[in-house]
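Written out below as C-alpha cells is the structure these notes cover.
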Amino acid sequence: MEAPSASAVHLSDWQESYFAVTSGTCTPGQKADGYRAKILRIQYAWANSEISQVCAANLFKEYAEKYSAIIDSGNAETGLNNYAENILTLAKCQQSDSDKWQSALTTDNVFELKCVRERMQAGRIFQSSQMAQTDARVQADKGVSASAAPAPSKLDVFGSTRETELTAGSAKCASQGPDLLGHPSSSKSLQSSVPSVTRTSDTLPAASASLSIQVLPGFQATPLFGSKEATNSSSLKMPGNCCDRQNSSLFSQSGVPAWSANSGKRKAFYGLTDEGSTAIPSLAPCQASISTETNGFSGQRNRNEESSAPGFKTAKEQLWMDQQKKSQNQRAPVSLYGGVKKSLGAGRSRGPFSKFVPPVPKQDGSENGGAQCKPRVGESTDPLLPVDERLKNIEPKMVELIMHEIMDHGPPVSWDDIAGVEFAKATIKEIVVWPMLRPDIFTGLRGPPKGILLFGPPGTGKTLIGKCIACQSGATFFSISASSLTSKWVGEGEKMVRALFTVARCQQPAVIFIDEIDSLLSQRGEGEHESSRRIKTEFLVQLDGATTSSEDRILVVGATNRPQEIDEAARRRLVKRLYIPLPEASARKQIVTRLMAKEHCSLNEEEIKLIVQKSDGFSGADMTQLCREASLGPIRSLQSMDIATITPEQVRPISFLDFESALRTVRPSVSPKDLELYETWNQTFGCGR
Ligand SMILES: Nc1ncnc2c1ncn2[C@@H]1O[C@H](COP(=O)(O)OP(=O)(O)OP(=O)(O)O)[C@@H](O)[C@H]1O
Ligand SMILES: [Mg+2]
C-alpha cells in the first residue's frame with residue numbers, strides 16, 4: 001500500500017482498529033463492525049488514490065471474507081448467523097422507487113371515480129334509511145336478522161343490513177381505489193385473514209355508518225361519501241355525531257388523535273358490550289366494536305383505524321391489532337413465494353378467499369362431512385375463535401395453504417374418459433369410491449387401504465385417474481405436488497406434511513393425491529439433505545396411521561413413473577400398487593375414436609384399425625399427440641389459401657393420410673427397455689393380476 005503523508009493518520013487508525021479486532025476481546029458484532037469499517041476505509045483510500053486498484057481489490061477481498069465469515073457463521077460464539085446482513089446493508093442505501101411515486105388523483109378528479117360515486121350513493125341510501133330504522137341486529141356471517149322494524153327495501157339491494165352493506169362497500173372501495181391508482185390492493189389478503197364465523201353482535205346505532213369511511217391514497221383528508229353537499233366541497237359534512245366522528249377520524253391523520261378524546265366513552269362502551277348490553281350510548285366507539293364483532297372486512301378497517309388513531313387504545317383493541325399484525329406477518333413468506341394464492345402444484349381456480357365447497361355433498365347431509373370438524377378449518381384463522389382441537393398446534397398459514405390445495409373444480413373427468421386400464425379402474429372403484437360412499441359396509445377387514453400407488457410409464461393416464469377420483473369419489477380431494485412440498489418450504493416441509501394430514505383428518509373422507517410421489521419418498525441415502533429426510537419420516541409416520549385412528553377415512557394416492565426409486569418403507573405403506581400400462585389396441589382405438597368424434601373427420605373403421613396397428617407402443621399421451629398432429633394436416637394443405645380469410649367450412653376433414661404423415665413425426669415416448677423395467681417392477685411389487 002502506498003502511504004502518502006496525508007494518509008499517515010489513516011494508517012495509524014488502521015493499525016489501531018486492526019489490533020482491536022484481532023485482540024480476541026471483541027464480540028462477533030464488534031468484530032463485524034470493525035471489518036465493515038475497514039472495508040469502508042479501503043474504498044475511501046482507493047477513491048482518494050491513496051492506494052492502487054489492485055491493492056484495494058486485494059484488501060477488499062481479504063476483509064470482505066473475514067466479515068462474511070462472522071456474519072454468516074452459525075457458530076453462536078464466533079458468528080452472527082445473519083445471512084441477510086449483507087443484503088440489508090446494501091438495501092438500506094437504495095432508495096425505493098415508491099419514494100418518487102406521486103398520486104395521479106387530485107381532489108378535483110376524485111369525485112369522478114366510480115367507487116367514489118358508489119360510496120356517495122351508498123351514503124345517501126344510508127341517510128334515508130337512517131330515518132326509517134334505528135335498530136338492527138347484525139349477524140356477522142351470512143347477513144342479518146332485523147330485530148325491530150323490517151329493513152328498508154333499498155338496503156336489500158346490498159343483501160344485508162346497512163352496517164354490513166356499507167362496510168362491505170367500503171372494502172370494495174378500498175380494493176378499487178388502489179387498483180385505480182395502479183397499485184396492488186391489499187384488501188384481499190386482509191380479507192383472507194379475517195374470520196367469517198357467525199356471531200351476533202350487540203345492537204348497533206345507526207350512526208355506525210361512520211365505519212365505512214375509506215380513505216384512498218392521495219386524498220386522505222377527503223371523506224368519500226356522505227351528504228349531497230359532498231359533491232361540491234372537498235370537506236364533507238354528515239349530520240350529527242356520525243359526521244363528527246368521520247371528520248375527527250379523518251383529520252386525526254394529520255395529527256390529532258381523535259380516539260384519545262373519546263377514550264373515556266370508549267371504555268364505558270366496552271364495559272357495556274362486555275356485559276352483553278344491547279344499548280350503545282356513544283356513537284364513536286362503535287367502530288372498534290364492529291371491528292371485532294361483525295364481518296370479514298374488519299381487518300381492513302382496523303388498519304385504517306390504526307393509522308388514523310395513534311392515541312389511546314384499549315387492551316381489547318390492541319390485542320386485535322396485534323393479532324392482525326401477527327397473522328399478516330405469518331403470511332409474509334407466502335407472498336414471497338408468489339402471492340397469497342399460492343399453489344402447491346395442482347392448478348386450481350379457487351380464490352384464496354373462497355369458501356371450501358366439497359366436490360360432492362357429503363352423505364350425512366352436513367356440508368362439512370360430519371361432525372368431526374366444526375367450524376370448518378379454513379374459516380377460522382382467528383386465534384380467538386374456537387377451532388378444531390387437532391389444528392391447535394398447526395400454524396394458521398399452513399392450514400390456509402393446505403385448504404387452498406383442495407381441488408373442487410376443473411373439467412369433470414369420468415371413468416369412461418380413461419381408455420383401457422380396466423383392472424386399475426375396477427380396483428380403484430373398489431377401494432376408493434365405494435368405501436367413501438358406503439363406509440358402513442367397508443369396515444373391519446373390508447376397510448380400505450390407507451395408501452395406493454399408481455405407477456407406470458409416462459403419459460398413461462395416472463394423473464388423469466387422480467382427477468377422476470377427485471370427481472367421482474365424493475371425498476375432499478387434496479392435490480399436492482411432492483416437489484413443491486420439498487423445494488419451496490425448506491425446513492418447513494415436514495410441518496406442511498403434518499398440516500396436510502391434520503387438515504385432511506378434519507375434512508374426512510379425504511383423498512390426498514400426490515403426483516410424482518417419488519420425489520417425496522425416494523430412497524433414503526447418505527448424501528440426502530436433512531430436510532428432505534425429515535419430510536419423508538413425517539410422511540411415513542402419517543401414512544402409517546400412528547397418529548391417526550383406524551376410523552379415519554383418509555386415503556393417500558401416489559402417482560409415479562419411477563416406482564423403483566420409492567423408499568421400501570413407503571412402498572410397504574402404499575399397499576395397493578397398481579400398474580398403469582401402455583394402452584392396448586382397444587384402448588388406443590377408444591382414444592382415437594373419442595378425440596376424432598369431436599372433430600370434422602373422414603376416418604372409417606378400417607382406417608382407424610390401421611392407425612391402431614401402426615401406433616403400437618404409444619402411450620395415451622402419444623396417442624393424443626398423434627391426433628393433434630393429424631388434425632393439423634388439413635390446415636397445412638391449405639397452401640394456396642390465406643389462413644386469415646378462410647372459413648372453417650373450407651377446411652377439409654381429417655383423413656387417414658393425415659394420420660399417416662403424423663405417424664412419421666410422432667414417435668412412442670416410452671422405449672421397450674423402459675417398459676421392461678416397469679413390467680419387472682410390477683411383477684415384483686405390483687398388485688395387478
Ligand atoms: N388411458 C388414457 N385414456 C385417455 N387419455 C389418456 C390416457 N392416458 C393418457 N391420456 C392422455 O394423455 C394425457 C397425459 O396423461 P397423464 O398426465 O394422466 O399421464 P401420466 O401417466 O400422469 O404421465 P406422467 O407419468 O408423465 O405424469 C392426458 O391428459 C390424456 O389426454
Ligand atoms: Mg402425471
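Whatever order the structure lists them in is the order used to number ligands and atoms, beginning at 1. As the structure is a computational prediction, the values presented were derived from the model and not from experiment.
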> Does a salt bridge link R571 with E568, judged by any charged N lying under 4.0 Å from a carboxylate O?
Replying inline: no
>> Taking R636 first and then E629, would you say they form a salt bridge - that is, a charged N and a carboxylate O separated by under 4.0 Å?
In response: yes
>> Quick test of your reading of the model: are E605 and K589 salt-bridged, counting only N-O distances below 4.0 Å?
In response: yes
> Hey, do the aromatic rings of F539 and F501 have their centres closer than 6.0 Å?
Replying inline: yes
> Is the backbone N or O of I441 less than 3.5 Å from a side-chain atom of R446, with the two atoms forming a donor-acceptor pair by type?
Replying inline: yes
>> Between F455 and Y579, is the ring centroid distance below 6.0 Å?
In response: yes
>> Looking at the Mg ion (ligand 2), is there an N, O or S atom belonging to N561 that lies under 2.8 Å away from it?
In response: no
What short N/O contacts, under 3.5 Å, does ligand 1 make with the protein, listed by atom pair and distance?
from     : atom 1 : to   : atom 2 : distance (Å)
ligand 1 : 1 (N)  : A419 : O      : 2.9
ligand 1 : 3 (N)  : A419 : N      : 2.9
ligand 1 : 8 (N)  : T460 : O      : 3.2
ligand 1 : 8 (N)  : G461 : N      : 3.2
ligand 1 : 12 (O) : A621 : N      : 3.4
ligand 1 : 18 (O) : K462 : N      : 3.4
ligand 1 : 18 (O) : T463 : N      : 3.2
ligand 1 : 18 (O) : L464 : N      : 3.0
ligand 1 : 19 (O) : G461 : N      : 3.4
ligand 1 : 21 (O) : T460 : N      : 3.1
ligand 1 : 21 (O) : G461 : N      : 3.1
ligand 1 : 21 (O) : K462 : N      : 2.9
ligand 1 : 21 (O) : K462 : NZ     : 2.8
ligand 1 : 22 (O) : T463 : N      : 3.0
ligand 1 : 22 (O) : T463 : OG1    : 2.7
ligand 1 : 23 (O) : G459 : N      : 2.8
ligand 1 : 25 (O) : K462 : NZ     : 2.9
ligand 1 : 25 (O) : N561 : ND2    : 2.9
ligand 1 : 26 (O) : N561 : ND2    : 3.4
ligand 1 : 27 (O) : E516 : OE2    : 3.4

